[in-house]
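These notes concern the structure reproduced below.
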Amino acid sequence: MLTSTLCDANRRLTAALQYVKISADAAERLKAPKASLIVAIPVRMDDGSLRIFQGYRVRYDDTRGPTKGGIRFHPDVNLDQVQSLAFWMTFKCAALNLPLGGAKGGITVNPKELSRLELERLSRGYIDAIADFIGADVDIPAPDMYTNAMIMGWMVDQYSIIARRLSPAVITGKPLSLGGSQGRETATARGAFYVLEAMMARSGRLPQHTTVALQGFGNAGSMLARLLFEAGYRVVAVSDSQGGIFLPQGLDIPSIQAFKASSRSLKAVYCEGSVCHLSQAHALISNAELLSLEVDILIPAALENQITADNASQIKARHIFEVANGPITAAADAILDARGIQVFPDILVNAGGVTVSYFEWIQNRNGLYWSIEDVHRRLKTMMVTEADQIWQRAETLKISLRTAAYVHALERLGQALDAKGTREYYTNGI
Ligand code: GLU
């Protein structure tokens with residue numbers, strides 16, 4: 001039985017199916033996850049008590065290779081959400097032509113409420129619980145929301161303890177010292193930046209005449225804000241889960257990053273001539289207000305389901321780049337399309353993270369490590385090549401970039417599924 005977010009995700013599949021010739025078997029296979037694991041993770045808390053956390057790992061489809069996807073630590077994590085995220089990973093890996101399937105994992109927890117030691121015990125406990133479900137040739141986790149390289153380091157260590165051998169390729173997004181890849185930390189932002197720059201080159205717009213509002217100041221959001229700022233874009237608004245700041249003349253992103261790192265809140269210094277001011281309360285806006293700002297580019301880089309049928313008609317941006325997974329619902333897509341707002345879909349825009357994860361996995365298996373320049377060059381080539389092909393499909397078929405991205409991925413998935421044997425093959429008695 002499909003539940004709500006996964007149902008919504010499946011609507012994108014249905015839309016794409018009209019434009020690609022794959023067997024009915026293959027289409028059917030992609031509608032539900034291959035395996036979903038729910039685990040209870042007992043954790044000894046610092047005060048001596050025992051708490052049980054609920055964890056998940058979903059392997060959606062492994063036709064094109066071992067499944068791949070991050071691990072999220074968030075209070076909203078639930079099975080439906082993890083299954084949807086695993087669905088998106090399947091299409092994301094296929095859209096980028098990575099020889100990987102899709103997966104996702106998560107724990108229902110607010111990590112900000114845990115001590116460092118509790119967080120480590122929870123991370124190791126999660127690996128204890130899912131160790132038989134993952135593996136370098138089976139399913140390869142990575143960071144996602146509120147998880148990072150340090151947590152991946154604990155996890156890969158725990159897996160190696162269980163397996164009684166070093167197994168760096170089982171998890172990506174590790175610290176460099178444990179076999180991580182150069183450039184993994186900034187990969188999602190950088191991948192999105194390459195796609196955005198490709199769009200700008202096509203339109204002939206100049207960065208200094210382009211305003212950007214960005215929702216979410218986590219890993220991907222803050223690093224993308226930095227890249228855009230350095231390239232000369234006018235980033236006028238950013239927000240985190242507490243709220244946002246808005247300055248029409250453009251925010252000084254490096255100072256916001258510094259404030260956020262030291263005080264955990266969003267404040268900015270902006271300069272006029274030689275005078276610099278700390279932005280004050282007058283510039284505060286809510287997350288909802290940020291989404292409806294009149295900007296050239298809106299970048300949701302936080303949670304899923306942010307732009308829905310309820311607020312889609314208030315969006316004033318000309319282009320939306322989905323750095324978050326699933327920030328726009330299928331119902332909102334239709335409204336945005338009708339209003340001529342161009343959406344660059346998540347399965348393309350945020351694929352830089354998993355692409356460099358794939359590079360990390362290759363490096364671990366080869367034992368040969370690449371320079372940062374190599375990582376950037378290969379990432380750019382892959383992002384721009386696939387983005388161009390998706391763009392061309394959208395123009396030829398006169399469909400949205402989202403549907404084109406799904407068509408692009410579905411063709412590859414369909415071919416792989418069909419190559420394993422279809423109903424037509426058996427009934428024709430060849
Ligand atoms: N969590 C990231 C995503 O949603 C990266 C997954 C990975 O590197 O495997 O794409």
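One-based numbering, in listed order, for ligands and for the atoms of each. Atoms considered below: every heavy atom in the structure, side chains included; atoms not considered: hydrogens, waters and symmetry mates. Fair warning: this is a prediction, and the values are worked out from it, not measured in the lab.
Between F91 and Y406, the two ring planes are tilted [angle within 30° to 60°]. F73 and Y126 have perpendicular rings, their planes meeting at more than 60° on a 0 to 90° scale where under 30° would count as parallel.
There is a side-chain donor-acceptor pair under 3.5 Å between T172 and K68. A donor atom on one side chain and an acceptor atom on the other are found under 3.5 Å apart for T211 and D296.
Side chain of S160 to main chain of L166: no donor-acceptor pair is present (N/O by atom type, distance under 3.5 Å, no hydrogens or angles). Side-chain N or O atoms of D8 include none that pairs as donor or acceptor with a backbone N or O of T329 at under 3.5 Å. Of the possible donor and acceptor atoms, none in the side chain of N350 sits under 3.5 Å from a partner among the backbone N and O of T188. Judged by distance alone, with hydrogens and angles left aside, the side-chain atoms of R339 form a donor-acceptor pair with the main-chain N or O of I315 at under 3.5 Å. Looking at T147, its side chain does come within 3.5 Å of a backbone N or O of I71 through a donor-acceptor pair.
The closest approach between a heavy atom of A351 and any atom of ligand 1 is not below 4.0 Å. A heavy-atom separation below 4.0 Å is found between G69 and ligand 1.
The protein non-hydrogen atom at the shortest distance from atom 1 (N) of ligand 1 is D144 OD1, 2.7 Å. Nearest protein heavy-atom contact of atom 6 (C) of ligand 1 is G70 N, 3.7 Å. Shortest contact from atom 7 (C) of ligand 1 to any protein heavy atom: A142 CB, 3.3 Å. Distance from atom 9 (O) of ligand 1 to its nearest protein heavy atom, with residue and atom name: K68 NZ, 2.8 Å. K92 NZ, 2.6 Å is the protein heavy atom nearest to atom 10 (O) of ligand 1. Counting protein heavy atoms only, atom 8 (O) of ligand 1 is closest to S357 OG, 2.5 Å.
In terms of polar-atom proximity, P143 is counted as a contact of ligand 1, with an N or O under 3.5 Å from an N or O of the ligand. The shortest N/O to N/O separation between N350 and ligand 1 does not fall below 3.5 Å. Among the atoms of T172, none of the N or O lies under 3.5 angstrom from an N or O of ligand 1.
Summarising the contacts of atom 5 (C) of ligand 1 with M145, R184, K104, E360, the nearest heavy atom is found in R184.
Contacts with ligand 1 closer than 4.0 Å are made by side-chain heavy atoms of N325 only, the backbone lying farther away.
For ligand 1, the atoms closer than 4.0 angstrom to any heavy atom of M89 are 3 (C), 4 (O), 6 (C), 10 (O).
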